[in-house]
2 protein chains.
Amino acid sequence: MKIGELAKATGTQVETIRYYEREGLLPETSRTDGNYRIYGEAHAQRLSFIRHCRSLDMTLDEIRVLLRFKDAPTENCGEVNALLDEHIGHVAARIRELRSLERQLKGLRDLCQEARDAAHCGILNELARQGSEGGSSAAGHVHGAHGRSVERKSINDKRK
Amino acid sequence: MKIGELAKATGTQVETIRYYEREGLLPETSRTDGNYRIYGEAHAQRLSFIRHCRSLDMTLDEIRVLLRFKDAPTENCGEVNALLDEHIGHVAARIRELRSLERQLKGLRDLCQEARDAAHCGILNELARQGSEGGSSAAGHVHGAHGRSVERKSINDKRK
DNA sequence: CTTGACTCTTTAGTTGCTACAGGGTTTCTA
DNA sequence: TAGAAACCCTGTAGCAACTAAAGAGTCAAG
Ligand SMILES: [Zn+2]
Ligand SMILES: [Zn+2]
Ligand SMILES: [Zn+2]
Ligand SMILES: [Zn+2]
């Protein structure tokens, strides 16, 4: 198959496939006379594996480790289990952070019940106060507070 | 005060302060004869405001909106409240996503109790299966699953 | 033979910083 | 008063994981 067919088969964007190849997650394929990449079933499976891992928010580095084990079927998989445990820890840590954030934000929101002039808005005034450290600094790799898909979409929609 | 003192006073890195200026979140300041930026109390407060918002995982664009209201004290703050509600929605949406992720990951983890050879690892085999869509695609801007601070730290620690 | 759909490589943009490099300025100390 | 340390300046590049676009080539259908 050609790259577009692989893309359709796996629900991946063409550019992402080429990106994974550059990053060494997918092997370089053979090419047609016209220099088109050609893929087989094995590539589709490997790509599905990667996308499945990504849908679980693993980093490409984490996925690289898992692929090493997939490529070495006789090795002991203990490290796989450990990696998964760690990643579950990353997710759990981020959930805790976000819950604390949510509490803070709701407390902040309560400071302004009905709209008035900005100078007397309880929210703006509270945000201007000094102190109030308590930033999130836990030990995980689940980051940010902002979804990818939707944010991009709204940005993209701005063009024309 | 000079930029380093402002940095210390607010717990911000010097480069971050210059970055905010480039991004238009902080105004361009006057300079000394030697071309050093000089700041006053108002700058410190504005920077505290920004950092406070950032600690609540708002984007710089969200913060820009809030600053517009801070700079226009006579305007009605209804939009501030709406923005906060939306952002709380972002955080809540991401929490839901991550909880679903956590469930999936724990289910996956249960597929391999004791380490064996990779070819028979229930985790690797499940990850290789097709289908299993259900990616996170909710409507928020809280992203990723990987913490910033710690990840960076471990990277930084690698130098020497 | 032309149109259109597809593919190729390379490069730049996204977010919110962080880290240099290669200078200049100020301040402390000997 | 010289020299060094500590600070500041601008400009550029890097991080993660893509996404998009420019400019060119390839291939199938009509
Ligand atoms: Zn992880
Ligand atoms: Zn208000
Ligand atoms: Zn938000
Ligand atoms: Zn296993």
Side-chain angles (χ1 to χ4, degrees), chain A residues 1-8 12-26 28-29 31-39 47 50-51 53-55 57-64 90 135 141-156 158-160, chain B residues 1-8 11-26 28-29 31-39 47 50-51 53-64 90 135 141-156 158-160:
Chain A
M1 3 174 202
K2 285 187 285 180
I3 198 167
E5 306 174 75
L6 177 63
K8 209 160 285 174
T12 313
Q13 286 209 233
V14 166
E15 293 94 341
T16 304
I17 296 174
R18 288 195 281 245
Y19 171 71
Y20 286 161
E21 181 184 311
R22 273 201 306 284
E23 288 297 305
L25 294 169
L26 291 174
E28 297 193 19
T29 67
R31 304 285 185 113
T32 68
D33 287 354
N35 199 32
Y36 286 12
R37 291 170 179 83
I38 38 178
Y39 298 95
L47 181 52
I50 295 169
R51 295 305 291 176
C53 292
R54 283 294 298 140
S55 82
D57 255 341
M58 297 181 196
T59 63
L60 296 190
D61 271 346
E62 287 172 330
I63 296 170
R64 259 180 267 268
H90 297 157
H141 70 142
V142 179
H143 53 182
H146 292 141
R148 271 187 279 269
S149 39
V150 175
E151 206 80 351
R152 306 272 182 195
K153 196 173 276 178
S154 71
I155 284 165
N156 293 346
K158 269 176 201 160
R159 56 162 171 69
K160 213 323 171 49
Chain B
M1 53 185 150
K2 285 187 287 180
I3 197 167
E5 304 173 77
L6 177 64
K8 207 160 286 176
T12 313
Q13 286 210 228
V14 165
E15 292 95 339
T16 303
I17 296 173
R18 287 195 282 245
Y19 171 72
Y20 287 161
E21 181 184 311
R22 272 202 306 285
E23 287 297 303
L25 295 170
L26 291 174
E28 297 193 20
T29 66
R31 305 283 185 116
T32 66
D33 288 353
N35 200 32
Y36 285 14
R37 290 170 180 84
I38 38 181
Y39 298 95
L47 181 52
I50 296 168
R51 296 305 291 175
C53 292
R54 283 294 298 140
S55 82
L56 297 171
D57 255 341
M58 297 181 195
T59 64
L60 296 190
D61 271 346
E62 287 172 329
I63 297 169
R64 261 181 268 267
H90 298 157
H141 70 143
V142 179
H143 53 181
H146 292 142
R148 272 189 278 271
S149 39
V150 175
E151 208 80 350
R152 305 270 183 197
K153 198 173 277 177
S154 70
I155 284 164
N156 291 347
K158 270 178 201 160
R159 54 164 172 66
K160 220 312 174 52

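Hydrogens, waters and symmetry mates are skipped; everything else that's a heavy atom, side chains included, is used. In what follows, every chain begins at residue 1, and chains take the letters A, B, ... in the order their sequences are listed.
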In whole Å, what is the span from the [atom1] atom of [X] to the [atom2] atom of [N]?
X        : N       : atom1 : atom2 : result
Glu23(A) : dA17(D) : CD    : P     : 9 Å
Asp33(B) : dT27(C) : CG    : C1'   : 16 Å
Met58(A) : dA16(D) : CE    : P     : 18 Å
Leu60(A) : dT19(D) : CG    : P     : 12 Å
Glu15(A) : dG13(C) : CD    : C1'   : 13 Å
Ile17(A) : dT9(C)  : CD1   : C1'   : 16 Å
Leu25(A) : dC18(D) : CG    : C1'   : 12 Å
Ile50(A) : dC18(D) : CD1   : P     : 10 Å

Exercise for the section: Taking all heavy atoms of Ile3(B) and all of Arg18(B), pick out the closest pair and write down the distance. Expected result: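 Closest approach of Ile3(B) to Arg18(B), heavy atoms only: CD1-CG, 3.5 Å.
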
Exercise for the section: Taking all heavy atoms of Ala7(A) and all of Val14(A), pick out the closest pair and write down the distance. Expected result: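 Minimum heavy-atom contact is CB-CG2, 3.8 Å.
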
How long is the straight-line distance from [atom2] of [Y] back to [atom1] of [X], given to the nearest 0.5 Å?
X        : Y        : atom1 : atom2 : result
Thr29(A) : Met1(A)  : OG1   : CE    : 11.0 Å
Glu23(A) : Ile63(A) : CD    : CD1   : 11.5 Å
Arg64(A) : Met58(A) : CZ    : CE    : 14.0 Å
Glu62(A) : Asp57(A) : CD    : CG    : 9.5 Å

Handout entry: Audit row: Thr16(A), Arg51(A), side chain to side chain contact (heavy atoms under 4.5 Å, CB included) steps and yes/no
Key = CA-CA 10 Å; Thr16(A) 304; Arg51(A) 295 305 291 176; 3.8 Å; yes

Reckon [X] has a side-chain N or O less than 4.0 Å from the OP1 or OP2 of [N]?
X        : N       : result
Thr16(A) : dA17(D) : no
Tyr19(B) : dT15(C) : no
Arg54(B) : dT15(C) : no
Arg22(B) : dT18(C) : no

Exercise for the section: Would you classify Arg51(B) as touching base, sugar-phosphate or nothing, given that sugar-phosphate means primed atoms plus P, OP1 and OP2, and contacts are heavy atoms under 4.0 Å? Expected result: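 Sugar-phosphate contact only.
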
Exercise for the section: Show your reasoning for whether side chain to side chain contact (heavy atoms under 4.5 Å, CB included) applies to Lys2(A) and Glu5(A). Expected result: CA-CA 5 Å; Lys2(A) 285 187 285 180; Glu5(A) 306 174 75; 3.5 Å; yes

Exercise for the section: Dump the intermediate steps for side chain to side chain contact (heavy atoms under 4.5 Å, CB included) on Thr12(A) and Ile50(A), then the final yes or no. Expected result: CA-CA 10 Å; Thr12(A) 313; Ile50(A) 295 169; over 6 Å; no

Polar atoms only, N or O, under 3.5 Å: list the protein pairs with nucleotides 6-8 of chain D and their distances.
from, atom 1, to, atom 2, distance (Å)
dC7(D), O2, Tyr36(B), OH, 3.4
dC8(D), OP1, Gly4(B), N, 2.7

Problem - Terminal axes of the helix from dC1(C)-dG30(D) to dA30(C)-dT1(D) (five pairs each): angle between them, nearest 10 degrees - result: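 Roughly 30° between the end axes, to the nearest 10°.
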
Fill in the blank from the handout: Result for 5'-nearest mapping on DNA chain D, choosing between Thr32(A) and Glu21(B), is Glu21(B)

Practice task
Choose from dC17(C), dC9(D), dA20(D) the nucleotide whose nearest atom is closest to any side-chain atom of Gln13(A).
Solution key: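 Comparing dC17(C), dC9(D), dA20(D) against the side chain of Gln13(A), the answer is dA20(D).
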
Problem - Among Leu47(A), Leu60(A), Ile17(A), the one residue meeting side chain to side chain contact (heavy atoms under 4.5 Å, CB included) with Leu25(A) - result: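 Among Leu47(A), Leu60(A), Ile17(A), the one that satisfies the side chain to side chain contact (heavy atoms under 4.5 Å, CB included) with Leu25(A) is Leu60(A).
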
